[in-house]
Amino acid sequence: MTTPRQPPRRPGSTGRPAADRPASTARPAAAGRPAPRPPRPRTAAAGRAGRPAPRPTGALRLGDPRRRLRVVTVTLAAVLSLFMGRLVQLQLVDASALAADAAVNRFVDDVLPADRGAITDASGTILATTVDAYDITADPTMFTPEQTKVPDAPQQAAALLAPVLGVDRAKLVAALSAPDRRYALLAGRRTPQTWTQVKELQAAFARQAGTATCRAQAAKVGKPADQGGRTAVDAGCANVLAGVFHRETSKRVYPAGGLASNVVGFVNAEGLGAGGLEQQYQAGLAGRDGRITYAQSGGRLVPTAGFHERAAVPGSDLRLTLDRDIQWAAQRAITDQVQAAGAEKGYVIVQDVRTGQVLAMATSPGFDANDLSKAAPSALGNPALQDAYEPGSTAKLMTMAAVLDTGTAAWDTHVTVPNTLHRADRLFHDDIDHPTWYLTLNGVLAKSSNIGTIEAAEHLGRTQQESNRVLHGYLQKFGIGVPTGLGFPGETQGILAKSADWKGSQQFTIPFGQGLSLNALQATSVYSTIANGGVRVEPTLVQGTTGPDGRFSPAPAPEQTRVVSEQTAKTLAQMLESVVSDEQGTGNAARIPGYRVAGKTGTANRVDPKTGRYSGYTASFIGFAPADKPRLTVSCTIQDPVNGHFGGQLCGPVFKQVMEFALKTLQVPPSGSAPPNLPVEWSPSP
């Protein structure tokens with residue numbers, strides 16, 4: 001029997017006839033029209049019917065995972081290769097250099113400055129010493145608007161600091177307005193009191209920060225207002241001084257101010273000797289700086305990392321031959337006379353005739369080494385040693401020494417002195433017109449006759465050339481044209497031409513002190529030589545040094561040279577007394593009651609160093625006392641005076657004032673005898 005064939009079931013069919021379906025899902029077929037095909041549901045069952053379901057529209061297409069894996073692997077390999085290469089460079093190639101750089105950044109190498117030695121006078125009174133000081137510095141990057149929140153922090157900080165540091169406000173603004181720098185020196189070598197003032201300003205800002213009355217409290221600090229009328233602390237509560245720091249250093253100070261400043265000298269901004277004895281003895285005074293190396297982190301010392309220190313060696317103290325009191329008297333006397341005479345400058349020297357030690361060397365105008373900004377550049381030297389000038393009549397002593405020592409003449413030799421004398425290409429005169437004088441050789445010196453000196457010098461040899469050679473030899477033995485032996489910076493040895501080069505009138509002017517030049521100490525030493533019995537003792541300014549161990553080392557003994565015989569020196573001393581004691585002498589103003597004084601005046605035409613021509617005068621007086629038992633020599637020199645120009649008139653009183661003070665200071669007893677009063681004139685036969 002044949003079973004009727006059932007139509008195939010469609011996906012989603014239940015297998016039941018439509019008549020068996022629930023009424024809610026069965027639709028009756030319309031008459032004459034086949035029943036509509038129900039829609040095919042989109043289920044996974046459709047795929048199982050043998051036909052793939054259609055791909056949904058807009059679906060993402062997945063990549064190949066193996067390809068992605070390869071890309072990631074290559075990328076990671078490249079990155080790791082870079083890391084490995086850098087690691088090899090750091091660990092192997094650059095290891096040593098990096099370790100050295102790390103050590104440099106970790107370890108700080110700093111200088112331990114040595115204390116500079118002091119300079120004292122002969123009794124130990126300090127003339128120059130070193131005290132603690134501070135360099136006031138700043139970090140300009142801390143003054144930017146970003147750091148301070150103030151648009152004009154450099155200007156406000158400068159307004160605060162300028163009156164405290166004594167530095168121009170514009171310079172401070174420029175130093176603080178350099179954000180590309182981390183360091184700026186605002187003021188060097190300021191006192192601890194100055195740094196204390198800066199710290200007080202910083203503390204004032206710190207106290208004001210965050211308070212409601214910040215501006216009112218800031219105004220009470222009392223700082224000057226700027227051109228806009230507001231105070232420098234109108235920044236509110238911002239601390240415009242936070243970037244100001246300090247560095248410990250030292251400062252050279254001169255407790256006696258300008259006393260002996262032309263001898264002592266000064267140091268420059270770096271603390272190095274730049275003039276006078278400070279420069280000459282720089283190596284010994286400076287000592288030797290030490291060094292310290294220590295580990296640091298964040299600017300702080302790492303105690304456990306250890307450190308290495310080489311201690312500084314202090315400089316040696318320098319003890320001078322100067323006597324502070326005598327130096328003061330000399331400086332006051334020459335300063336007053338230079339001002340009274342309207343002169344360009346002047347100098348006074350006091351020397352011990354027995355030892356050659358310089359007890360005073362005063363110059364006017366001088367300077368105060370504590371504040372070089374107020375000193376004239378021309379006043380920073382020591383003209384008593386650095387000026388070369390023609391001495392004039394004070395040099396006649398050397399001519400007379402040569403005449404007496406060679407036996408050419410005696411003190412009482414008769415000399416006829418006309419009013420004029422023609423020699424070479426010149427007609428010579430004395431300082432005044434006069435009838436023919438009949439003078440002894442002593443009278444020639446007492447009345448300071450140029451003509452009489454020329455006549456005496458002509459007899460030193462059989463010819464003029466021979467006379468020139470003899471005189472030249474004595475001038476050199478007295479120390480003219482050769483260094484004094486001090487070694488002072490800038491010292492001149494003067495000018496003394498060879499005798500063969502004395503031409504024309506020069507061979508006749510040199511005997512009375514024109515045509516040669518010397519410095520004031522050389523001129524002083526000539527008279528000290530005569531006072532010391534004819535033996536020249538090399539001048540000295542330094543007694544010795546005291547080292548860091550406290551031991552005193554005396555300076556080498558000065559060289560001594562016999563220049564003339566003792567008898568010649570004694571005769572010359574008596575002749576020099578006539579210059580002061582005789583009524584016809586030119587040095588009466590130098591008399592000192594109770595003491596016999598020997599000396600000589602000088603009035604010379606002055607060579608202007610700027611033009612090389614004669615202009616003005618050099619007035620001088622040099623002498624020693626007591627003449628019967630010499631102890632001190634004092635010289636006075638005044639350059640280019642306006643009110644008078646004679647040496648006796650201008651320098652005689654200065655000599656008297658200084659010599660009298662020095663004799664009393666050293667407690668030198670008065671003379672025990674009267675001067676010899678050697679004759680000055682002689683009477684010709686009728």
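Values below: every heavy atom of this structure, side chains too, minus hydrogens, waters and symmetry copies. Please read these numbers as outputs of a predicted model, since none were measured by experiment.
Looking at heavy atoms from C-beta onward, Glu566 lies out of side-chain contact with Lys570 at the 4.5 angstrom threshold. Side-chain contact between Phe655 and Val597 is present, with heavy atoms from C-beta onward closer than 4.5 Å. Counting only heavy atoms from C-beta outward, the side chains of Asp317 and Phe552 never approach each other to under 4.5 Å. With a 4.5 Å cut-off on side-chain heavy atoms, Thr130 and Lys251 do not count as touching. Residues Thr406 and Leu460 form a side-chain contact, since some pair of their non-hydrogen atoms from C-beta on lies under 4.5 Å apart. Inter-residue side-chain proximity for Leu318 and Leu285 is flagged as met; some heavy-atom pair is nearer than 4.5 Å. The shortest side-chain heavy-atom distance between Leu385 and Leu486 falls under the 4.5 Å cut-off. Side-chain contact between Leu404 and Val564 is absent, with no heavy-atom pair separated by less than 4.5 Å.
Using modelled atom types and a 3.5 Å distance limit, the side chains of Tyr617 and Asp640 yield no donor-acceptor pair. A donor-acceptor contact under 3.5 angstrom links the side chains of Ser673 and Arg596, judged on distance only. Judged purely by distance below 3.5 Å, without hydrogens or angles, the side chains of Tyr134 and Gln193 never pair a donor atom with an acceptor atom. Between the side chains of Thr194 and Thr191, at least one donor N or O lies within less than 3.5 Å of an accepting N or O. Ser499 and Asn468 share no donor-acceptor pair across their side chains, judged by distance under 3.5 Å alone. Ser316 and Thr545 share no side-chain donor-acceptor pair at under 3.5 Å. Between the side chains of Arg319 and Thr120, no donor N or O sits under 3.5 Å from an acceptor N or O. For the 3.5 Å distance criterion, the side chains of Gln331 and Tyr347 fail to qualify, holding no donor opposite an acceptor. Side-chain contact, Thr484 with Glu491: a donor N or O sits under 3.5 Å from an acceptor N or O.
Looking at Gln506, its side chain does come within 3.5 Å of a backbone N or O of Gly515 through a donor-acceptor pair. The backbone N or O of Leu632 lies less than 3.5 Å from no partner atom in the side chain of Arg354, so there is not a single donor-acceptor pair. With Ser393 contributing its side chain and Ser448 its backbone, the two residues share no donor-acceptor pair below 3.5 Å. Side chain of Gln351 to backbone of Gly356: a donor-acceptor contact under 3.5 angstrom is found. Remark: side-chain polar atoms of Lys477 are paired, donor with acceptor, to backbone N or O of Val563 under 3.5 angstrom. Distance alone, capped at 3.5 Å, places no donor-acceptor pair between the Ser528 side chain and the Ser525 backbone. No side-chain donor-acceptor contact under 3.5 Å links Trp411 to the backbone of Leu572. No donor-acceptor distance shorter than 3.5 angstrom exists from the side chain of Thr618 to the backbone of Ala604, with no hydrogens or angles considered. Listed for the Gln282 side chain is a donor-acceptor partner under 3.5 Å among the backbone atoms of Gly273. The backbone N or O of Arg324 lies less than 3.5 Å from a partner atom in the side chain of Asp121, making a donor-acceptor pair.
In summary, Glu559 and Arg536 do not engage in a salt bridge, as defined by a charged side-chain N under 4.0 Å from a carboxylate O. In this structure, Arg591 does not pair ionically with Glu660, as no charged nitrogen and carboxylate oxygen lie closer than 4.0 Å.
Between Phe624 and Tyr527, the distance separating the two ring centers is not shorter than 6.0 angstrom.
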Determine, step by step, whether Phe266 and Gln279 satisfy the side chain to side chain contact (heavy atoms under 4.5 Å, CB included) criterion, reporting the C-alpha distance in whole Å, the side-chain angles of both residues, the deciding distance to 0.1 Å, and the verdict.
CA-CA 8 Å; Phe266 55 92; Gln279 178 182 353; over 6 Å; no
Criterion side-chain hydrogen bond (donor to acceptor under 3.5 Å, both in side chains) on Asp325 and Thr665, from CA distance to verdict:
CA-CA 8 Å; Asp325 295 334; Thr665 298; 5.8 Å; no
Salt bridge (Lys or Arg N to Asp or Glu O under 4.0 Å) for Asp371 and Lys374? Distances and angles first, verdict last.
CA-CA 6 Å; Asp371 189 1; Lys374 297 180 180 179; 3.8 Å; yes
Tell me, with the steps shown, if Leu320 and Val542 meet side chain to side chain contact (heavy atoms under 4.5 Å, CB included).
CA-CA 4 Å; Leu320 307 185; Val542 176; 4.0 Å; yes
Glu270 vs Arg189, test: salt bridge (Lys or Arg N to Asp or Glu O under 4.0 Å). Steps then yes/no.
CA-CA 10 Å; Glu270 287 72 37; Arg189 290 181 169 81; over 6 Å; no
Do Arg631 and Asp352 pass the salt bridge (Lys or Arg N to Asp or Glu O under 4.0 Å) test, and can you show the C-alpha distance, the side-chain angles, and the key distance before you say yes or no?
CA-CA 6 Å; Arg631 175 70 186 277; Asp352 189 316; 3.6 Å; yes
Quick one, Arg613 with Val607, criterion side chain to side chain contact (heavy atoms under 4.5 Å, CB included). Give me CA distance, side-chain angles, the key distance, then yes/no.
CA-CA 5 Å; Arg613 298 176 179 272; Val607 176; over 6 Å; no
Verdict with supporting geometry, Gln560 and Glu538, side chain to side chain contact (heavy atoms under 4.5 Å, CB included):
CA-CA 6 Å; Gln560 300 189 23; Glu538 193 173 64; over 6 Å; no
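Nearest approach of Thr637 to Ile334, heavy atoms of both residues: O-CD1, 4.2 Å. Gly533 approaches Arg562 most closely through the heavy-atom pair O-NH1, 3.0 Å. Nearest heavy atom pair, residue Ile480 against residue Leu496, reads O-CD2, 3.7 Å. Looking at every heavy atom in both residues, Ile530 comes nearest to Ala573 through CG2-N, 4.2 Å. Residue Pro511 comes nearest to Thr399 through the heavy atom pair O-OG1, 2.7 Å, listed as atom of the first residue, atom of the second, then distance. Shortest non-hydrogen contact noted between Ala395 and Pro391 is CB-CG, 3.8 Å.
With rounding to the nearest 0.5 angstrom, the CG atom of Asn262 is 8.5 Å from the CG atom of Leu380. Of the inter-residue distances, the one linking Leu663 atom CG with Ile592 atom CD1 reads 5.5 Å to the nearest 0.5 angstrom. From Ile326, atom CD1 reaches atom NZ of Lys664 across 13.5 Å, with rounding to the nearest 0.5 Å. One finds the CG atom of Leu397 at 8.5 Å from the OG1 atom of Thr394 (value rounded to the nearest 0.5 Å). Atom OG1 of Thr321 sits about 8.0 Å away from atom CE of Met361, to the nearest 0.5 Å. Annotation: the span from Ile622 atom CD1 to Ser635 atom OG amounts to 5.5 Å, rounded to 0.5 Å.
Here the options are Ile510, Val403, Leu471, Leu475, the test is side-chain contact (heavy atoms from CB on, under 4.5 Å), and the partner is Met398; only Leu475 passes.
Applying the 6.0 Å contact sphere to CD of Gln476 captures more than 12 heavy atoms from other residues, nucleotides or ligands. Counting heavy-atom neighbours within 6.0 Å of Leu185 CG, excluding the residue itself, gives a total above 12. In this structure, Arg288 places its CZ atom where only 12 or fewer heavy-atom neighbours from other residues, nucleotides or ligands lie under 6.0 Å away.
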